[in-house]
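A note on names: the letters A, B, ... follow the listed sequences, proteins ahead of strands, and every chain is numbered from 1.
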2 protein chains.
Amino acid sequence: MAQATGDGTVGKALDVLDQVASFGRPVRFSELLEASPYPKATLYRHLQALTHQGMLSFDPDRQAYALGIRLVRLAHAAWTQSSLAPVARPHLDALSQKVGETVHLAQLDHGQVLYVDKRNAARPIEMFSEAGKVGPAYCTGVGKAMMAFLDETALAEAVSQQSFHRFTPATLTDAVALHDDLRAIRARGYAFDREEHEPGIICVAMPILTGKGRVLGALSVTSSTARTSLDGLEALVPVIRPVAERIAAEAEDWRFPDEGSETRQRMTAGM
Amino acid sequence: MAQATGDGTVGKALDVLDQVASFGRPVRFSELLEASPYPKATLYRHLQALTHQGMLSFDPDRQAYALGIRLVRLAHAAWTQSSLAPVARPHLDALSQKVGETVHLAQLDHGQVLYVDKRNAARPIEMFSEAGKVGPAYCTGVGKAMMAFLDETALAEAVSQQSFHRFTPATLTDAVALHDDLRAIRARGYAFDREEHEPGIICVAMPILTGKGRVLGALSVTSSTARTSLDGLEALVPVIRPVAERIAAEAEDWRFPDEGSETRQRMTAGM
DNA sequence: AAACCAAGTTTCACATAATGGAACTCTCAG
DNA sequence: CTGAGAGTTCCATTATGTGAAACTTGGTTT
């Protein structure tokens with residue numbers, strides 16, 4: 001239901017791409033065929049096209065399709081040219097340093113939370129293996145912080161995409177409970193995760209909003225009930241809020257440093 | 001000439017995607033139109049479809065298109081399910097620790113070198129802003145190490161995609177010189193970068209090959225002429241080679257830990 | 001305020017390109 | 001050798017993408 005991809009051929013091809021992604025491992029043609037709404041020939045040609053384009057790679061030994069490295073290249077570009085993530089980087093460094101806790105930066109993607117950066121007080125960030133992860137929106141601080149400030153239609157769509165799986169006793173398991181919490185968040189200006197996703201894990205999350213109130217992303221500080229409490233985290237709000245505001249401001253008037261924009265040929269500095 | 005995208009509608013749409021990427025910043029419709037081979041309406045519909053699909057994002061304030069965050073999500077999946085990068089991770093850690101120099105892991109993508117991971121002896125890895133970068137193949141250690149072990153047709157294609165720009169006096173500036181070096185590399189089993197890309201920067205690079213001799217990627221240790229010499233780097237070969245072999249072996253019989261593969265809904269562990 | 005202009009969006013007849021059933025080819029197992 | 005399963009190609013049908021041109025919108029000039 002509500003499969004609703006629909007955007008012509010391109011949409012279908014990207015469907016196939018997602019399908020390959022959803023397996024989380026290289027897949028055989030027949031496995032895809034089984035799970036695909038498309039007939040053999042159609043699926044085949046889409047796989048061909050995507051492979052030819054480098055969006056998929058085909059491992060001839062294993063006879064299996066996997067996601068292609070062109071995606072990594074594109075994502076690098078996406079991350080770099082997104083106004084939010086690169087601008088936020090130094091601020092995340094400073095913030096995690098200051099509060100000594102794990103800091104996340106997230107954006108909303110099809111009703112899900114997508115983590116675009118992270119600072120783990122102790123260990124340094126773990127690259128692609130960490131950033132790029134997605135998680136549920138209805139039971140995470142960042143997710144709720146962002147949803148709370150969506151306009152009506154965007155919110156409705158986002159809510160409809162939530163699965164409301166109960167992870168812990170505190171998980172909000174229906175749209176009504178979620179809306180209540182969102183209302184409170186809107187009034188308060190920031191969100192909490194009260195062990196809603198994982199027992200013992202709590203966080204405060206602050207939305208990152210443009211001057212006009214559009215949601216750019218969210219910022220959170222995560223800790224555990226063993227180390228602190230919700231009150232303890234709330235005490236950090238005066239530290240977190242200005243960081244979020246700063247990031248928003250910088251992201252908004254981020255005028256691109258005029259790099260020579262050669263087509264598809266960005267040189268690296270250090271080999 | 002040799003624009004050769006060609007794969008039907010999907011290919012064209014991905015062209016557009018690349019075009020947006022090539023700007024390195026959010027772009028207006030008209031800017032794209034100017035640089036696009038496609039007529040207004042066609043370009044417009046492709047942008048619509050891609051945006052709708054989350055491959056592009058449209059910033060309503062700026063009225064500009066940028067790469068979408070869906071790419072980041074897909075790239076995360078690509079990185080995770082690629083057999084090379086995740087398998088290599090601990091080995092890179094160990095290697096950089098051991099040799100105390102910068103270590104790169106790269107793959108070949110359309111004749112260019114794509115860095116998929118990196119360890120910088122001193123500073124921790126710089127995430128998306130580093131991994132995902134592309135560089136020239138003909139004048140880097142990893143690039144030459146990989147090209148040297150391609151089969152004839154793949155090599156011909158890769159060579160044809162080199163730009164042979166002279167970065168330093170040592171840069172190989174034509175196909176003949178490159179072929180000579182590749183022959184030597186094939187004989188020797190590993191490649192050098194003799195300040196060919198950047199003055200003062202040298203490296204040794206080892207290809208990562210499957211049992212059948214297929215190129216999976218390459219591994220390099222980079223340093224500067226101030227700190228060491230080519231001989232000094234060559235002395236590390238006995239350390240590097242087994243690492244490359246180990247990674248190759250593990251990547252080859254990487255049988256995927258059977259995670260529950262829910263479609264498009266991978267849960268995160270720590271909020 | 002009216003006229004203008006540029007940027008973006010929609011329309012529509014047409015032609016290209018995607019579709020999918022079926023036939024074909026390969027490879028491997030019995 | 002025979003059969004089964006997986007993967008690839010064919011081809012008539014039809015859905016889709018195409019692009020010139022008309023239209024709408026928002027901002028600027030006279």
Checklist entry - Would you say His52(A)'s side chain and Gln48(A)'s backbone share a donor-acceptor pair under 3.5 angstrom? => result no
Next on the checklist: I'd like to know if the side chain of Arg70(A) and the backbone of Gln53(A) have a donor-acceptor N/O pair within less than 3.5 Å.
Outcome noted: yes
Next on the checklist: Tell me whether Arg214(A) at atom CZ has more than 12 heavy atoms from other residues, nucleotides or ligands lying less than 6.0 Å away.
Outcome noted: yes
Checklist entry - Does a side-chain N-to-carboxylate-O contact under 4.0 Å join Asp109(A) and Arg73(B)? => result yes
Length of the line joining [X]:[atom1] and [N]:[atom2], which is rounded to integer Å:
X        : N      : atom1 : atom2 : value
Gln63(A) : dG7(D) : CD    : C1'   : 8 Å
Leu43(A) : dT9(D) : CG    : P     : 14 Å
Leu47(A) : dT9(D) : CG    : P     : 13 Å
Tyr65(A) : dG7(D) : OH    : C1'   : 9 Å

With no hydrogens and no angle check, do the side chains of [X] and [Y] hold a donor and an acceptor under 3.5 Å apart?
X         : Y         : value
Asp151(B) : Thr153(B) : yes
Asp15(B)  : Tyr38(B)  : yes
Glu157(A) : His110(A) : no

Checklist entry - DNA chain D: Val10(A) or Phe29(A), which has the more 5' nearest nucleotide? => result Phe29(A)
Item to check | chain A contact limits on DNA chain C, taken 5' to 3' with a cut-off of 4.0 angstrom to heavy atoms | outcome: dA18(C) to dG21(C)
Checklist entry - Within a strict 4.5 Å, meaning less than it, do heavy atoms of the Gln81(B) and Pro86(B) side chains meet? => result no
May I ask you to verify if any side-chain N or O of [X] is less than 4.0 angstrom from the OP1 or OP2 atom of [N]?
X        : N       : value
His46(B) : dG17(D) : no
Tyr44(A) : dT8(D)  : yes
Ser30(A) : dG5(D)  : no

Close N or O pairs between protein and nucleotides 19-21 of chain D (under 3.5 Å):
from	atom 1	to	atom 2	distance (Å)
dG19(D)	OP2	Thr42(B)	OG1	3.1
dG19(D)	N7	Arg45(B)	NH2	2.9

Checklist outcome for this item: Scanning both residues in full, the closest heavy-atom pair of Ala64(B) with Arg28(B) reads CB-N, 4.3 Å
